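Below, chains carry the letters A, B, ... as their sequence lines are ordered, and counting in each starts from 1. Since the model is a prediction, treat every value here as computed from it, not as a measurement.
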Amino acid sequence: MPTRTQAIVLAAGRSSRFNTSAIKLSFTLCGQEMIRYPLNVLKALKIKTLVVVGYQQEIIRGILDKYSYPVECVEQTIQKGTGHALLCTRPYWTEDTLLILNGDVPLITEAHIAELMKRHRSTAATISFIASYNADPSVIGYGRVIDNGEQVSIVEQREFTGDPARECRLNAGVYLIERAFLEDTLPSLETHPSGEIFITDLIHKASEQKKKIEIVDIPFDHVRGINTLKELWVAERLVRSDIINSWMAQGVRFIAPESVVIDYDVTLSPDTVIGYGVQLLKGTQVGRKVTIDAFSVLDGAIIGDSAIIHSHSVISHASVHGMAQVGPFARVHQHSTLHAESVVGNFVEVSKTTLGHKSKAKHLTYLGQAQIGKEANIGAGTITCNYNGVSKHATIIEDGAFIGSNSALLAPVTIGKEAIVAAGSTITESVPAQALAIARQRQTTKLHYAPLIKGKHAQAPDKLKLKLATQGS
Amino acid sequence: MPTRTQAIVLAAGRSSRFNTSAIKLSFTLCGQEMIRYPLNVLKALKIKTLVVVGYQQEIIRGILDKYSYPVECVEQTIQKGTGHALLCTRPYWTEDTLLILNGDVPLITEAHIAELMKRHRSTAATISFIASYNADPSVIGYGRVIDNGEQVSIVEQREFTGDPARECRLNAGVYLIERAFLEDTLPSLETHPSGEIFITDLIHKASEQKKKIEIVDIPFDHVRGINTLKELWVAERLVRSDIINSWMAQGVRFIAPESVVIDYDVTLSPDTVIGYGVQLLKGTQVGRKVTIDAFSVLDGAIIGDSAIIHSHSVISHASVHGMAQVGPFARVHQHSTLHAESVVGNFVEVSKTTLGHKSKAKHLTYLGQAQIGKEANIGAGTITCNYNGVSKHATIIEDGAFIGSNSALLAPVTIGKEAIVAAGSTITESVPAQALAIARQRQTTKLHYAPLIKGKHAQAPDKLKLKLATQGS
Amino acid sequence: MPTRTQAIVLAAGRSSRFNTSAIKLSFTLCGQEMIRYPLNVLKALKIKTLVVVGYQQEIIRGILDKYSYPVECVEQTIQKGTGHALLCTRPYWTEDTLLILNGDVPLITEAHIAELMKRHRSTAATISFIASYNADPSVIGYGRVIDNGEQVSIVEQREFTGDPARECRLNAGVYLIERAFLEDTLPSLETHPSGEIFITDLIHKASEQKKKIEIVDIPFDHVRGINTLKELWVAERLVRSDIINSWMAQGVRFIAPESVVIDYDVTLSPDTVIGYGVQLLKGTQVGRKVTIDAFSVLDGAIIGDSAIIHSHSVISHASVHGMAQVGPFARVHQHSTLHAESVVGNFVEVSKTTLGHKSKAKHLTYLGQAQIGKEANIGAGTITCNYNGVSKHATIIEDGAFIGSNSALLAPVTIGKEAIVAAGSTITESVPAQALAIARQRQTTKLHYAPLIKGKHAQAPDKLKLKLATQGS
């Protein structure tokens, strides 16, 4: 439904209480920047939007550029308060009613804004705004709504001297204001001692002029503004909790939902089990009947039905097909694909590699830039050597090949179909299908030599010029 | 103490609000299926038990088959409500009093049932049941106990239209009913519009007949029914918290008990320290003065006194004896045994292997199907090769043997007592005691060759037919 | 400011409800022993301190020996209650006022003690003590302060028979008492049936003698005594929470502060991000703009600005300089140093090693006792072999050297500047600068051999005497 309302999002302020070098609105909640939360609400309601930028505007503009709904930026060159920010947008006002929001209220929902608009229309109000009751005196940073029966006003936190537990109706910083009133009144607002002009003074002005003022009260959790990293944490927990509750309701079992980190764009499916502390990040998609065990981290991972991800696995920008098994202690990344029923075991890294159907690499292996066919067996301790100091090359291992343990494969090299590489070999030439390649020295056994070497006399190792070093302690 | 009471557990219903393919009663809380919780209470009280099965009865029967106390199943072929389920059991009634429970109340304790039975007897009641007060209007799924002073009845959740905060005495679904009354009344219960017959209507009938009705109120946490995965989570946390509190009281220190997952059959001992996020699963037994560091997962593990399990270790169906050390990043599984004072270090997998007293394998090693004696030293990067594509074989390493780093041992092979394997060897033949085995090529050093190769001109690698590849980026 | 006050800390008691073999006061909260918490407060206030020791006094004395502020110990040879403990210190009283504290109140702050002293002075009290209101009847272990308007007394928990919810002012065990009164009254306190003498009886005596008694009430969280491992957990959470809140306020982002374990002496810096479940232990120092991902454990680690520690990394007593990258699944320990912009990747252990500027060891490597220069490239699967069964030796890898994959370097050995080690080599001799070292067998390829070997007939492997074993299943 089109609307005669235009939104103005205030995103120009410094976020000094964050004590970080980046502006607070660029911090993410569940993988999405704070500023995008109110924008998503406006997009859902199809409201044309202006964003007032100023401090670190290049960061905010960068986020908006990636955003799919067109919004326009207006620059506020000096920080002179919310009223001044609003004034900066005056040349761009095109609609009859203006919806003004702070950029740092990520928990406001579409339903709340819709309710505000509905109430504004039905009461023919000049100003409507969202408020919330919270009697906790430790809650700070909110203007107080003072309604003495005759007049309504909002006192800014800095200027409030009353009893916070008694005057506990808080201003959420979300206003719907008739443009005609704004054009009359905004230019004449007084400047406070801090040098700032405040939107909140409009309420008192409207009240004095006997204009209709409508207040919509909503639960405090939804009006939370984010002024410190601690408040960011609290808000992110609320968002995360909503996401997880929704997946639980759809048949996903979380062993400990309170320990899971999940991003807004992750998708899960019924009959899947998410273990303790699992991290499900950006764009991860998980199929049905999947098990993801404790302490695994998935980032941009696609996991097929009935796959098993054992504990302590890290899967990043990679696909794991149905019934494949990964981990524990595996890392699959860099656009690798593990085909159905393949197995990647412990201390195995898979990078820029495709592992075919039912192929296995179960122990202490590095597969980089490798194309591996079906039912191949990659022995423990196998290393693909894809970088020679000048350039990088691929390793091809065809269907049914068998790579003996502790082998090194120097790319570019192809191991043919059903070929065998003997354990302990360093393979420098391609191996034809069904051939055996061996590249290791034969064993020599010297009887009674061990005592000579092993410290019966301490100088032996040097004399013999034998080096038998093993690991340190 | 024998009793003239017979129990009927209702386990036939669909669990549609779980949104999972498996029936909710098969889901575990702390490693034990939900249906077993009420059964354990009945077993402890030595009450003969019938279980009404229906939906996915093969799963329920499978769980009951593994259960050590004999229970009989009665099939309810169509789902027509709790009253109908009870009717199905009528041919098997043998005792004077029937105890009827839902299968999904895992937090009911022996003491609560005993109290119900005691009160039933002492008041000579016809029907006694358990209820709980909870004024939270968001609590749903429970029938409401309505006691107007003259009559008592239970209104099913679906048919309740009152104020949930006011009429807040909830029916737990646990009833003790005289068989004579049941035989008279049950067949005549009316069918509700949903096509179901409800046990709860018996209360009203009894009340009309001026029978004695006794209500036992217990705390809500113990009557929680499990109808969603979220409720399962809440209930499991309560069970887990009881388990952990009990171990804390017995001298086990948990660095962060809220982060630990523990199963019902795990045993711990005093002076042991459990780190952050440790997972203690099925049948794990941990001795005294053991340290288990953060993010370790133990599943069917037996850990001896004063062992140290460093962080990120996974021990599954394996034994670690006293004063042994494991990890970080170690995996010990498949019925392996680490003897006293042995050491398994980082990125080491131990599978189907025995590691003797004071033997060490500290870095990047795969030990599979190996029998290792005492005081052996397994160098970094050692691989036992137990599979040749046809069959599997064992590796035997005798007392005091020294395996140089980066060696491969091709099974079947025996490394004799105090023998030495030179670093970098691929061992194909057994090595006698005190012998030295060496199987590697001598080093050739070509002066000034490196610049030729290393990209001074890009074609060099091909011309020289030398491959010096290393890892990718 | 000097004070005429002398402190006596009671640390002689058995801690039987801990059910541990070590005395509770030796247990740490956030890396610091419980007994040190009250001592730190006394040190900050510059109050001369006596500690009464008894049970396991060698442990307490050991902790005090490491403590930088001088305190004197007085032995209580038999456990006869707090009053008796105080009597034991009588020969050492030197000041006019005695401040008596239990050793197990770690949450008392300097401000609370300062307030107690101020109130004691300003009211010219004979006895002042700290109390707290808590009406929770499950809170046990505290004496109850009974003030009937005329007289004040404290009834020990064991002797209290009143209603705990009504008489809910609890004694914190922190007293300021005039020495003159103590010298008069302490020797005459009666012995209770348990054989003990209680300090708390002094209150009643003072009250009877119409002495001024001053009570300072503070929030319960600060008077918590620690009598069980569960109470230790609760107190440690409070301390940890304060530490984390303080870092959040200083610009450190915690993805999930509730999951982080942090010690009292850790330092962090703004713009740093701490992931889920990160453990920040003893003396760890983290610079600005650092990322530490989930499940990493840092213990005595020094991390430079803009370093990235990927998930599942364990860094223990080691330094990671600016812009270096570590992990996932890396272990850096034993006083290793990773210089700026160096990279240590997955399944890599770095022990007693220095890795130079921009050098890389990215996959499956063990670097022990190695000195590695700048811009060196350590291939996947490289093993430094620093132990030969007799002694340990160093490996030196000079600037720009290139170590091919799957190589073993037998120490002592030096790889010269820009030298190359061919993949798969076992290096036993030093390699001059710019030389190429190769130590591997040439490859032999036998056509059509694979089927002969690979189980076409099961006996083949034995007949051919070929062993091609790879990993197990």
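Residues A:Leu29 and A:Met34 are in side-chain contact: their nearest non-hydrogen atoms beyond the backbone lie under 4.5 Å apart. In this structure the side chain of A:Phe27 reaches within 4.5 angstrom of the side chain of A:Leu229, judged on heavy atoms. With a 4.5 Å cut-off on side-chain heavy atoms, A:Ser259 and C:Tyr276 count as touching. The shortest distance between side-chain heavy atoms of C:Leu410 and C:Thr426 falls below 4.5 Å.
Side-chain N or O atoms of A:Asn346 include one that pairs as donor or acceptor with a backbone N or O of A:Lys362 at under 3.5 Å. Proximity of a side-chain donor or acceptor of A:Asn386 to a complementary backbone N or O of A:Lys392 within less than 3.5 Å is not detected.
Only the backbone of A:Val348 comes within less than 4.5 Å of a heavy atom in chain C; its side chain stays farther off. For A:Thr28, the parts lying under 4.5 angstrom from a heavy atom of chain C are both the backbone and the side chain. Contact annotation for A:Thr365: only backbone heavy atoms (N, CA, C, O) come within less than 4.5 Å of a heavy atom of chain C. Of the atoms belonging to A:Ala330, it is backbone heavy atoms, and not side-chain ones, that fall under 4.5 Å from chain C. With a 4.5 Å cut-off on non-hydrogen atoms, A:Thr228 does not touch chain C at all. For chain C, the nearby part of A:Phe18 is the backbone; its heavy atoms alone come within less than 4.5 Å. Residue C:Ile255 touches chain A through both its backbone and its side chain, counting heavy-atom pairs closer than 4.5 Å. For A:Leu364, the parts sitting under 4.5 Å from any heavy atom of chain C are the backbone and the side chain alike. Of the atoms belonging to A:Glu349, heavy atoms from both backbone and side chain fall under 4.5 Å from chain C. When heavy atoms are compared at a cutoff of 4.5 Å, C:Ala408 does not approach chain A at all.
Considering only heavy-atom pairs separated by less than 4.5 Å from chain A, the leading option among C:Gln443, C:Gln441, C:Lys289 is C:Gln443. Residue with the most contacts toward chain A among C:Leu447, C:Thr444, C:Thr445: C:Thr444 (heavy-atom pairs, distance under 4.5 Å). Among C:His312, C:Met248, C:Arg253, the residue making the largest number of heavy-atom pairs under 4.5 Å with chain A is C:Arg253. Between chain A and the residues C:Asp293, C:Val252, C:Ile244, C:Thr272, the most heavy-atom pairs under 4.5 angstrom are made by C:Val252. Ranked by non-hydrogen atom pairs under 4.5 Å with chain C, the options A:Gly277, A:Ser425, A:Ala22 are led by A:Gly277.
Here C:Arg237 pairs with B:Glu258 under the salt bridge (Lys or Arg N to Asp or Glu O under 4.0 Å) rule; sequence neighbours left out. The side chain to side chain donor-acceptor pair (under 3.5 Å) search around C:Gln325 returns none, not counting sequence neighbours.
Considering all non-hydrogen atoms of both residues, C:Ser313 and C:Pro328 come closest at OG-CA, 4.2 Å.
If you look at C:Phe347 and A:Tyr366, their ring centroids are not closer than 6.0 Å.
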